[in-house]
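Read the structure below first, then the notes.
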Amino acid sequence: MSTKYVVNNSTVETVLSWVNAGEIAIPEIQRPFVWNASKVRDLMDSLYQGFPVGYLITWKNPDTNLKDGTTSHGKKILIDGQQRITALTASLLGHQVVGTDFKKKRIQIAFHPLDERFEVSNSAIRKNPVWIPDISLFFQPNFQFFDFVRGYSEQNPDVDVNKIGNVIDRLTKIRYSSLGIIELSHELDIETVTEIFIRINSQGVVLSQADFVMSKIAVNEEYNGIHIRKMIDYFCHLATHPADYDSIVQNDREFAETDYFQKLKWIKNHTESLYKPEYNDLLRVAFTFKFLRGKLSNLVSLLSGRDFETREYKEDIAEASFKRLEEGVLAFVTETNFKRYLMIVKSTGIIHKSLIRSQNVLNFGYILYLLLRQKNIENAEIESIVRRWIVLSILTGRYSGSAESMFEFDIRRFDQAQDPKQFVKHTEEGELSEAFWSNILVSRLNTSVSSSPFFQLYLIAQIKNNDRAFLSKAIEVRHLIEERGDIHHIFPKKYLQKNGFTNRNQYNQVANYVYIQQEINIAIRDKAPEVYMKEIEEQCSTKNTNYGGIIDENELLANLKSNCVPLSLFHMNANQYEEFLEERRILMSKKIQEYYEQL
């Protein structure tokens, strides 16, 4: 069996010299530095004590064939160990690091020579002459060992000069501490390296294919990889943390002045929280849209220049792949595209992030939107297709399994279809039969999980129809969801519990849920439906309002219909609870069907 890797030992000083010389490619911000200062302190202590600090893992990019017939030799990519190397450059060389807020900061590690103890530097330490507040001074080119020992002894006259000298000498020899390096063979195929990368744990977080892609993009200097990576990082970060805009501008002025940054900076003022893409979402959308592929591992291969037919690596393929990826990323971050897509999503009735739990559905919806725009399809038709496909995907759980494979299957068929609307229609005919609406969907509504996508679709249908909340005259379901109102029980929970329904899965059925104003729910308390519905019926006669503002019988019946509440509720008690659930599931399914057919 061929060897997949070799293990070597090197020193801290040598590894840092490789980084400075560019022999190991470490992106400027491969990922923000996530270690806290105490972890850097512990790393220094381990090196000082001669303890092992783990292995660095590197992989040399495959050599690529240039157009002129010559070969380009790839750089080594740091597969694992970036946080440790960043910690070393910060603490020993005094370099600033960029934190998760994209602010640059120094991490100063202090040293107590008498106790031989490390600590994160602070104001108290800096005022105490026994402490050395910043150990990076020992690793500066102009450091004078004897001058330092003499000066320290003058400030601390009671110390043993020889002992201090020996301790400082031991500290400076951290630079010669051994680091293990696992070098993956450059002959390994990219799929194997991707698998190795994904299996590595860093800070307890399992790395993903997207992490590997980001590393691959970031180390590219020839084809604008740095700018592509920054567009992805900064857009996603500002979408969630707009307050960090000034820090990004101050710390990366050069990029802030580019057209790339100008095209994405609008996101800092975008307050809509419905779709907050992370870097893996942005990568997936851009990649699938431009390459018509689903597996991110294929993107690593393409960016490396792989010819899938000959299995060779060619520079012109790498160049073209970076260009297409850049186009996809730019399309994603374009303000017009992003906002128009969100408008389509909201036009379905999905007005709040709580109503859609599948980020894959939103991602593919955006992929489809971008593809149809690229095909110059009319806006009205794009809106109809995307809106319908989003809801179809939720109904069928289309992207809940092997999302990458399904992404590729769907986007290629949309790309090949002469009429995308016909592809949607054929898919509906195959998956949304009458049996689906009358049996399958009804059974899927038999659940106690309020986050069920099928119950959420029922609420989305209510929002789309501008339905009033249960027993409300003016307050819509939309209003209660926007204000993070609570769902309540038609058969009150306490009433059911008193009548033998003690299992949560019984009384918390989604078919027993409605959005209702709090004051109406308080008035219902733990009454049987036949009791409070009779009182509401009397309210329509007396015009004395105890349950909301409905005082007209026709208005009451319309409200019950819009909330899929069977009229039999007027005469129901605990004995008919199961019957009620069955009736309401059927009505809820019909409502979702009617909603879908009107999209």
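Please read all numbers here as calculations on a predicted model, not as lab measurements.
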Ignoring hydrogens and geometry, is there a side-chain-to-backbone donor-acceptor pair from [X] to [Y] under 3.5 Å?
X	Y	result
N251	S247	yes
D415	I411	no
R398	M406	no
T172	F138	no
K314	D307	no
N156	P129	yes
N220	Y223	yes

* **Partner residues of D160 under the side-chain hydrogen bond (donor to acceptor under 3.5 Å, both in side chains) criterion, sequence neighbours left out** => none
Are [X] and [Y] close enough that their ring centers fall under 6.0 Å?
X	Y	answer
F289	Y366	no
F235	Y260	no
F338	W266	yes

* Would you list the pairs meeting side-chain hydrogen bond (donor to acceptor under 3.5 Å, both in side chains) in which at least one residue belongs to residues 137-147, sequence neighbours left out? => D147-R150
Nearest-0.5 Å distance, [atom1] of residue [X] to [atom2] of residue [Y]:
X	Y	atom1	atom2	value
S301	R311	OG	CZ	11.0 Å
I350	L362	CD1	CG	6.5 Å
K276	T240	NZ	OG1	5.5 Å
Y5	S185	OH	OG	12.5 Å
F118	D45	CZ	CG	6.0 Å

* Is any side-chain heavy atom of E183 less than 4.5 Å from a side-chain heavy atom of W59? ->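 No, their side chains stay 4.5 Å or more apart.
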* Student check: side-chain heavy atoms of F332 and N337 closer than 4.5 Å ->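 F332 vs N337: side chains apart.
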* To do: For the pair Y275 and Y341, name the ring-plane relationship: parallel under 30°, tilted 30 to 60°, perpendicular over 60°.
  =>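 Rings of Y275 and Y341: perpendicular, over 60°.
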* Parallel, tilted or perpendicular, as decided by the 30° and 60° cut-offs, for the rings of F143 and F145 -> perpendicular
Polar side chain donor-acceptor pair, [X] to [Y], under 3.5 angstrom:
X	Y	answer
H241	D244	no
S121	R126	yes
Y176	E13	no

* With a distance cut-off below 6.0 Å to the six-membered ring centre and an angular limit of 45° from the axis, does R324 pair with F291 as a cation-pi contact? -> yes
* Asked: Does R253 make a cation-pi contact with F255, if we ask for NZ or CZ under 6.0 Å from the ring centre and within 45° of the axis?
  -> no
Return yes when atom [atom1] of [X] has more than 12 non-hydrogen atoms of other residues, nucleotides or ligands closer than 6.0 Å, and no otherwise.
X	atom1	result
K163	NZ	no
E254	CD	no
K375	NZ	yes

* Basic-acidic side-chain contact under 4.0 Å: E116, R170 ->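 Judged by the 4.0 Å cut-off on N to carboxylate O distance, E116 and R170 do form a salt bridge.
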* Could you pull out the closest heavy-atom pair between A110 and W131, with the gap in Å? =>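 Minimum heavy-atom contact is CB-CE3, 3.7 Å.
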* **Closest non-hydrogen atom pair between N360 and F407, with its separation** =>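 Reported closest heavy-atom pair: O-CZ, 3.4 Å.
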* Non-neighbouring partners of S91 that pass side-chain contact (heavy atoms from CB on, under 4.5 Å), sequence neighbours left out -> V40, M44, I109
Throw together a table of side-chain donor-acceptor distances under 3.5 angstrom for residues 51-58, partners on residues two or more places apart or in other chains.
none

* Can you list every salt bridge (charged side-chain N to carboxylate O under 4.0 Å, His left out) pair that touches residues 354-371, not counting sequence neighbours? -> none
* **Pairs where residues 262-272 contributes a residue and the test salt bridge (charged side-chain N to carboxylate O under 4.0 Å, His left out) is met, not counting sequence neighbours** => E272-K346
